[in-house]
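Take a look at the structure below.
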Amino acid sequence: MPELDKKSEYIIQVALPVPLRKVFDYLKPANGQQPVPGCRVRVPFGNRKLVGLVVAVKNHSTLAREKLKTIIQVLDQGPLIEPAQLKFLQWAANYYHHPLGEAIDAALPTLLRQGQAAEVAGVSEWSLTSLGLEVDVASLARAPKQKDCFLQLRQVSGQVLTREQLQEFNPNWQVAIKGLISKGLVEKRERKPALIESQEVIAGPALNAEQENAIKEVESAGQGFSRHLLHGITGSGKTEVYLRLIQNVVDSGQQVLVLVPEIGLTPQLIDRFRSRLRATIGLFHSGLNDRERLNVWLGAKDSDSQYQYQVVLGTRSSIFVPMATLGLIIIDEEHDASFKQHEGFRYHARDLAIVRARDADVPIVMGSATPSLESLFHVYQNHYKLLSLSARTGEAVLPGIEVLDLKLTGQHSGLSPQMVLAMDQVVKKGEQVIVFLNRRGYSPVYMCHECGWLAPCQRCDAQLVFHKNSARLRCHHCATEQRLPDVCPQCSSKELHPLGEGTERLQEEIQKQLGSEVRIKRLDRDSTRRKGSFEKFYKKILNNEVDIIVGTQMLAKGHDFPNVTLVVIVNVDQALYSLDFRSSEHLMQQTMQVSGRAGRGKKAGIVLLQTYHPEHAVFAALKHHDYREFAKCELLLREQAGFPPYACLALLRAESVGRSKALEFLTQVRSAGLKYIESATNKGDVVINHVVPAPMEKRAGRYRAQLLVSAKTKKALHQILKPWIAEIDEMKNRQVRWSIDIDPVDLY
Ligand code: ADP
Ligand code: ZN
Ligand code: ZN
């Protein structure tokens, strides 16, 4: 028998961040270094050099040895990604039919992707020198940019600023800082990553019976894999339940991963975690810089690290943060659509969290006031345990909900007189109002009153939105932006007017009707673009410096504004006309969540909703705060229509510059797919629908088409997809871009 020496293990299989559903064979580096699975390597690829991850080491390749290239450099001594984590990523790539290398890439912090060392390091910051603390600002009079920058440093507490903060003040900060350093006024230093551990922990309230019970249920299920859905109405104390569960797991020496929606990670929530938990907490979200993210990633992964994080609190991508001793996963607002990645590697963080909990053999708790129908379905199937919190804590009670019929009330610029009156009364009492309208800008349409011309986006099948503050027309689907035309491009008339209402106009209108002394703030993506502005808003609202908050769905998340006693829901009717099978569910969730902002303090709250369709079932359920009743009816409809959770969907999307190319491509894809159904063991279980143009066919200059595949079981779906996708990969069509979305959330 030939001796198996080290030389025989010379083929290194590497996953690379390229859009190809395969891994690549390389030879181990000339210096004899032996890479192990899970470590990063730098390799030649075409005429580029890429960082990839070793997934296997073998002794044969299907390629001839001369054809194989050699690894340039081994970047990690041991596995950066442990076998269990690698297995999880392989599972995810396989399930979403996404290239493994790209999936791994999505799971790695940017600096690791770039090939930097997997070591905790300080964060750069700039501070005043002792000279800088004393010097007279007037001496910088001739260098205004430096002076500005210098003043910023003097004014912030601690007199230190990070790269991001400097960037926010002035995009050209680097030049100014350089000048200040050369004058000896400023110095750069590296701040060691600090473990944020709260020194004094505040005790929480005594729990009520339902909360106690929820905790007992989770803990008595044991330390192994178990799934729980915590359905608690808004303000019922779900977070309190999480906090106790987390503390107990941390006290037993294990780590906890907590996922929250993008907009849910508010300063309020972070403060609450910090002030309540005896634990080191690492935040992981897109607002951090690359270095900070890497530090948390490494600190969570390594149980020996002096930077060990016991709790990782983050958004969607935290699902990939490796944890040395994971003991519990919590998903807050589990119904939230931001857990689904909408481009590239289209994973769903909640769904992956379940897989991760199963792999790690730990409990997972998913919580929401408005659980997804999928999760409730799993409860009814006895897959998840249901934990209920049915009452608001303390003195707070659920708000009364009144639905106004716009056909009877009439409206002026989108507001019925009843709403205006109600707002006026609340403001006069010194309480606060939330006005919800899920549409940014001044008006969604800009129209010529002579000829009916509507300002269109040239690149999308959509109208341009008029933004009055910036005097521009903007497309909300692509980046297109243009100045307001002086005259109608079609008939040269000057009669150009806004049509319909967005948040800007609503703000203006309320101001007009209630008077200039009323303090109104707008909370949407336009008004919170600057980093930190959301936090400032928050403080203003909590300090009662605002009477009325006009905002989009940013307001729908779990904020707690105790002085808000009236919530006004202006226009949700569009959702009633939507063809998307999830639109009722989303409408119900959104309106319930927004309504839940009212009456969270000691004062009772009320919700006013105006609609042209007061008879709609969603509103009846809303009035009774009966989400589960709504869910039952909606599930019945889904079952009849064969939609999830009674079916598994995959959506193939294609787009091209010419109108017909994408449609033609998918038609070809479809006929290829049909033969796999023919040969499948359970033929009737999969349906490939017809190719159709996307609901908004043209977007950002490309025409889009889609093909929906529906199956009775996941197994049947994936059985067909695997060979089918391999075949599509072979259909060379340079003019078409295509993608596959497993369990799509949006069907467009
Ligand atoms: P949810 O996460 O369900 O919206 P929270 O956990 O944020 O609810 O609780 C809402 C408010 O009630 C918070 O201010 C919280 O401190 C308080 N709270 C929670 N549980 C209790 C309790 N058992 N007794 C009194 N107050 C409580
Ligand atoms: Zn015109
Ligand atoms: Zn556009």
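These numbers come from a predicted model, not from an experiment. All ligand and atom numbering here is 1-based and tracks the order in the structure.
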Open item on the list: Could you go through Gln268 and Tyr538, starting from their C-alpha distance and side-chain angles, then the distance that decides it, and tell me whether this counts as side chain to side chain donor-acceptor pair (under 3.5 Å)?
Closed with: CA-CA 8 Å; Gln268 219 176 359; Tyr538 238 98; 2.8 Å; yes
Task: Proximity to ligand 1 by part of Ser236, non-hydrogen separation under 4.0 Å - done: both
- [ ] Start with the C-alpha gap between Val365 and Ile331, add the side-chain angles, then the distance that decides, and say whether side chain to side chain contact (heavy atoms under 4.5 Å, CB included) holds.
- [x] CA-CA 6 Å; Val365 176; Ile331 317 280; over 6 Å; no
Task: side chain to side chain contact (heavy atoms under 4.5 Å, CB included) between Gln211 and Leu389, intermediate numbers included - done: CA-CA 7 Å; Gln211 288 171 317; Leu389 304 181; 4.0 Å; yes
Open item on the list: Any nitrogen or oxygen of Thr234 lying under 3.5 Å from a nitrogen or oxygen in ligand 1? Just yes or no.
Closed with: no
TODO: For this output row, return yes or no: ring centroids of Phe630 and Tyr627 closer than 6.0 angstrom.
DONE: yes
- [ ] Using distance alone, with no hydrogens and no angle criterion, decide if Ser338 and Asp336 have a side-chain donor and acceptor under 3.5 Å apart.
- [x] yes
- [ ] Please work out whether any backbone atom (N, CA, C, O) or any side-chain heavy atom from C-beta onward of Glu210 is under 4.0 Å from ligand 1, and answer side chain, backbone, both or neither.
- [x] neither
Task: the Zn ion (ligand 3): protein N, O or S atoms that are less than 2.8 Å away, sorted by chain - done: Cys457 SG, Cys460 SG, Cys475 SG, Cys478 SG
TODO: State plainly whether the residues Arg272 and Glu240 are in salt-bridge range, i.e. N to O under 4.0 Å.
DONE: yes
- [ ] Please state whether Arg272 comes within less than 4.0 angstrom of ligand 1, counting heavy atoms only.
- [x] yes
Open item on the list: Heavy-atom pairs closer than 4.0 Å: do any link ligand 1 to the side chain of Thr393, the backbone, both, or neither?
Closed with: side chain
Open item on the list: If we only consider heavy atoms of Gly232, is any one of them less than 4.0 Å away from an atom in ligand 1?
Closed with: no
TODO: Over 60° means perpendicular and under 30° means parallel, so classify the ring planes of Phe466 and Tyr442, tilted if in between.
DONE: perpendicular
Task: Interfacing atoms of ligand 1 (cut-off 4.0 Å, heavy-atom, Asn208) - done: 23 (N)
Task: Criterion side chain to side chain contact (heavy atoms under 4.5 Å, CB included) on His348 and Glu374, from CA distance to verdict - done: CA-CA 13 Å; His348 198 302; Glu374 278 84 354; over 6 Å; no
Pairs under 3.5 angstrom only: tabulate donor-acceptor contacts from the side chains of residues 231-238 to other protein residues two or more places apart or in another chain.
from, atom 1, to, atom 2, distance (Å)
His231, ND1, Arg628, NE, 2.9
His231, ND1, Arg628, NH2, 3.2
His231, NE2, Ala369, O, 3.0
Thr234, OG1, Arg392, NH2, 3.0
Ser236, OG, Ile233, N, 3.4
Ser236, OG, Ile233, O, 2.7
Lys238, NZ, Gly232, O, 2.8
Lys238, NZ, Ile233, O, 3.3

TODO: Quickly, which of Thr370, Ile401, Leu609 forms a side chain to side chain contact (heavy atoms under 4.5 Å, CB included) with Thr591? Name it, please.
DONE: Leu609
- [ ] Report the part of Arg600 in contact with ligand 1, treating N, CA, C, O as backbone and CB onward as side chain, heavy atoms under 4.0 Å; options are side chain, backbone, both, neither.
- [x] side chain
Using atom types as modelled, flag every donor-acceptor pair under 3.5 Å from a side chain in residues 450-463 to any protein atom, sequence neighbours excluded.
from, atom 1, to, atom 2, distance (Å)
Arg459, NH2, Ala700, O, 3.3
Asp461, OD2, Glu697, N, 3.3
Asp461, OD2, Lys698, N, 2.7

- [ ] Give the numbers and elements of all ligand 1 atoms closer than 4.0 Å to a heavy atom of Leu207.
- [x] 23 (N)
Open item on the list: For the Zn ion (ligand 2), which protein N/O/S atoms fall under 2.8 Å? Skip waters.
Closed with: Cys448 SG, Cys451 SG, Cys488 SG, Cys491 SG
Task: Ile319 versus Ala353, closest heavy-atom pair with distance - done: CD1-CA, 3.4 Å
Task: Student check: side-chain heavy atoms of Val550 and Glu504 closer than 4.5 Å - done: no
- [ ] Going by heavy-atom distance to atom 22 (C) of ligand 1, choose the closest among Ala206, Gly596, Gly237.
- [x] Ala206
Task: Criterion side chain to side chain donor-acceptor pair (under 3.5 Å) on Asn208 and Glu212, from CA distance to verdict - done: CA-CA 6 Å; Asn208 62 36; Glu212 293 278 9; over 6 Å; no
